[in-house]
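Read the structure below first, then the notes.
These numbers come from the heavy atoms of this one structure, side chains and all, not from hydrogens, waters or symmetry mates.
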Amino acid sequence: LLLAAYLSYVGLGAGVLQALERPAEVQAAQHLLQQHWDLLGNHTCLRGPALQRLIEDIIQAYKSGITLQGNTTSLGKWDYSGSFFFSISAITTIGYGNLSPSTAAGRIFCILFALFGIPLNLILLNEIGQLMLLGVQHCAHCLEEVFHWQKKASFLIKTCALVTGLLLFLLLPPLLFSDKEGWSYEEGFYYSFITLSTIGFGDYVIGMNPDRTYPGWYKNVISLWILFGMAWLALVIKFCINFLE
């Protein structure tokens, strides 16, 4: 019964996503193909295979964090700040997919780094989550002693903790992303949840726009936000699991 419910839920999600996203995908593919033929038609000196190779090289370079800027290229995705953020995304299992090691040595190190880093990250998240939970329970106990409430105190503190977490980790960060990345609030909220839930599609990633200048503290603050936000969301998901069970 549980397996049937699971498959039905996934099937429902697939059907809704297909209905919502498929028309936009078809339209984008047709637009891209039309641009391709227009370019070849307007510039007869271009050859189809050569243009295709250039497009593939540009896509591969973009995956490595290199973009064209006029007659130059933008680097910096593998500076210390970018490498630190990649390390966080690796051991938290977010894995955006927009940046990955391109050398054999880098890939081998990434495997070993994640092998020990993922358990270390899980232990740390569990400890942070337990501290958050203890703080909520302590506040509830204090309210019970002062106002002689029982169930009301626990419910009130849990509600406050939920609202505070929503503000700090989901509702306020999109305002920062709107300022630094130029995203809409909806895009920033979407990125926040996809990141903290470790889904990490990679369609939105901070600090990757070559046309913007980011402050030095930006990625470090976001790394801390990810760490504490994941711990908070894990508690919320745990509550949802208990409710479903």
Residues which pass side-chain hydrogen bond (donor to acceptor under 3.5 Å, both in side chains) with S184, listed by chain and number, not counting sequence neighbours: E187

Trace of the side chain to side chain contact (heavy atoms under 4.5 Å, CB included) decision for L196 with L170: CA-CA 9 Å; L196 297 184; L170 288 178; 4.2 Å; yes

Could you tell me whether F239 atom CZ has more than 12 heavy atoms of other residues or ligands within 6.0 Å of it? no

Grouping ILVMFWY residues whenever side-chain heavy atoms fall under 4.5 Å, the cluster of L122 otherwise contains I118

Side-chain heavy atoms under 4.5 angstrom apart, residues restricted to Ile, Leu, Val, Met, Phe, Trp, Tyr: same cluster for I91 and Y96? no

Assigning hydrophobic clusters by single linkage (Ile, Leu, Val, Met, Phe, Trp, Tyr; side-chain heavy-atom cutoff under 4.5 Å), is L20 placed with V26? no

Give a yes or no on whether Q27 atom CD has more than 12 heavy-atom contacts from other residues, nucleotides or ligands under 6.0 Å away. no

Is it possible for you to say whether Y214 and V221 belong to one hydrophobic cluster, with membership spreading through side-chain heavy-atom contacts below 4.5 Å? yes

Going hydrophobic residue to hydrophobic residue with side-chain gaps under 4.5 angstrom, can you get from F113 over to L125? no

So with a 6.0 Å cut-off around CZ of R22, is the heavy-atom count from everything else above 12? no

Going hydrophobic residue to hydrophobic residue with side-chain gaps under 4.5 angstrom, can you get from V236 over to I241? yes

Report the relative orientation of the aromatic rings in Y191 and F177; use parallel for angles under 30°, tilted for 30 to 60°, perpendicular for over 60°. perpendicular

CH2 (W37) with more than 12 external heavy atoms under 6.0 Å: no

Ring-plane angle category for Y204 and Y190, please: parallel below 30°, perpendicular beyond 60°, tilted otherwise. perpendicular

So, S89 side chain and F86 main chain: donor-acceptor pair closer than 3.5 Å or not? yes

